[in-house]
Amino acid sequence: MTTTSRETDTAYVGASEEDAALNALYSDFNAANLIPLWTQIGDLMPMSPAPQAIPYVWRWAELLPLAEQAGKLVPVGRGGERRAIALANPGLGGRPYVSPTLWAAIQYLGPRETAPEHRHSQNAFRFVVEGEGVWTVVNGDPVAMRRGDFLLTPGWNFHGHHNETDQPMAWIDGLDIPFSYYADTGFFEFGSDGVTDESMPKVSRSERLWCNPGLRPLVGLDARASSPIACYRWEYTDAALRQQLELEAEGYASTTEPGHAAVRYTNPTTAGDVMPTIRAEFHRLRAGAQTANRRDVGSTVFQVFDGEGEVTIGDDRRELSTGDLVVIPSWVPWSLATDAGIDLFTFSDAPIMERLHFDRTQIQK
């Protein structure tokens, strides 16, 4: 069939009118603060997670000198409150977040310094990769901080730090700040200008009450959202990992994978995670061990506590040494291997993912 010039012009005019009407519709959507799903579905509902956060490695050899320089130039106290330097994931547009749900920082306290007390609704922990001499005071309970210790500051607990030595000390902080920020759940309150108890006990009151193996006090029997234990000491973590590997070698027990021992820090009132938004674990790989390639919904951060190894993230391999920090975004495949042996502290947003039933794991053996 031959189309006449008049018919062609009529079809063109019809299409033009339809385009104009569609443009007007989109303009009306915009004016009414509406966005149609059909223009966004690829971003809002991807076939699998497509995180903006990227895998990244921060080197302890670079972090510590920068923290030391900040210690010389930046005071600690009211205003900034803490000399804490956040790890900013390059994929998150300049936000001070290590992942969309987690915050991590190196905190530095100089000789004889005190970080004043405050409290906030965000849950926090500290992990010490080296050094000692600082006490963190949580709700009036002084807790010694030493190498390998994992310390809790659950949400809305007053806390401050004091260094009673002539040596500085650095450690890592982990919090659920991004999750709290996006959910609009944050509260903050200043406490005293110092700390409520400047004593320096070797063992905190919470440890004396709660850290007797296999025994739970018949007080506070209600399940608590966060663990009542202020500090999980390195000597117990180390012993648990060492004995796992010894029993594996003797043929009496299996580990997570050959040569891979792992423990999870738990809340003794629930046997669940130490805090409602953060999971913390410690992993030890014997010399020559390697993990399976895995990926998980949610984000994971780990710090090398001791030893050396190699992390493979997707197709990218990175060498790791003591103090280095690594973030693995959601659904990114990764694995670890070591020739000499490696110890790793890890934390993740797994409790959030599990409670919301978003959790998913894929392991390639």
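Put simply, the side chain of D349 gets close to the backbone of S299: a donor and an acceptor are under 3.5 Å apart. Looking at D141, its side chain does come within 3.5 Å of a backbone N or O of S206 through a donor-acceptor pair.
Ring centers of W234 and F345: at least 6.0 Å apart, outside the cut-off. Between F302 and W334, a ring centre-to-centre spacing shorter than 6.0 Å is recorded.
Counting only residues at least two apart or in different chains, side chain to side chain donor-acceptor pair (under 3.5 Å) contacts with residues 63-74 are absent.
The two atoms that bring W331 and V297 nearest to each other are CE3-N, 3.7 Å, heavy atoms only. Taking all atoms of both residues into account, the shortest heavy-atom contact from R82 to P116 is NH1-O, 2.7 Å.
A search for salt bridge (Lys or Arg N to Asp or Glu O under 4.0 Å) contacts involving R208 returns nothing, not counting sequence neighbours. Contacts of D296 classified as salt bridge (Lys or Arg N to Asp or Glu O under 4.0 Å), with partners at least two apart in sequence or in another chain: R294. Taking the salt bridge (Lys or Arg N to Asp or Glu O under 4.0 Å) definition, one finds that R119 meets it with E189, sequence neighbours left out.
One finds no salt bridge joining E130 and R147 here, because no Lys/Arg side-chain nitrogen approaches an Asp/Glu carboxylate oxygen to under 4.0 Å. Using a cutoff of 4.0 Å between basic side-chain nitrogens and carboxylate oxygens, R126 and D149 are not scored as salt-bridged.
Taking the six-membered ring where the residue is Trp, F347 and F125 present perpendicular rings, their angle passing 60° and hence far from 30°. By the 30° and 60° cut-offs, the orientation of the rings of F305 relative to F127 is perpendicular. Taking the six-membered ring where the residue is Trp, H159 and H120 present perpendicular rings, their angle passing 60° and hence far from 30°.
In this structure, OG1 on T277 lies 10.5 Å from CE on M353, to the nearest 0.5 angstrom.
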Could you list the donor-acceptor pairs under 3.5 angstrom formed by side chains in residues 223-231, with sequence neighbours left out?
unit_1 : atom_1 : unit_2 : atom_2 : d
S227   : OG     : I229   : N      : 3.1
S227   : OG     : Y232   : OH     : 2.6

Acceptor/donor pairs from residues 49-59 side chains to any protein atom, 3.5 angstrom cut, sequence neighbours excluded:
unit_1 : atom_1 : unit_2 : atom_2 : d
R59    : NH1    : E319   : O      : 2.5
R59    : NH1    : D324   : OD2    : 2.8
R59    : NH2    : E319   : O      : 3.1

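When each of N157, D197, T196 is tested with N139 by the rule side-chain hydrogen bond (donor to acceptor under 3.5 Å, both in side chains), just one qualifies, namely N157.
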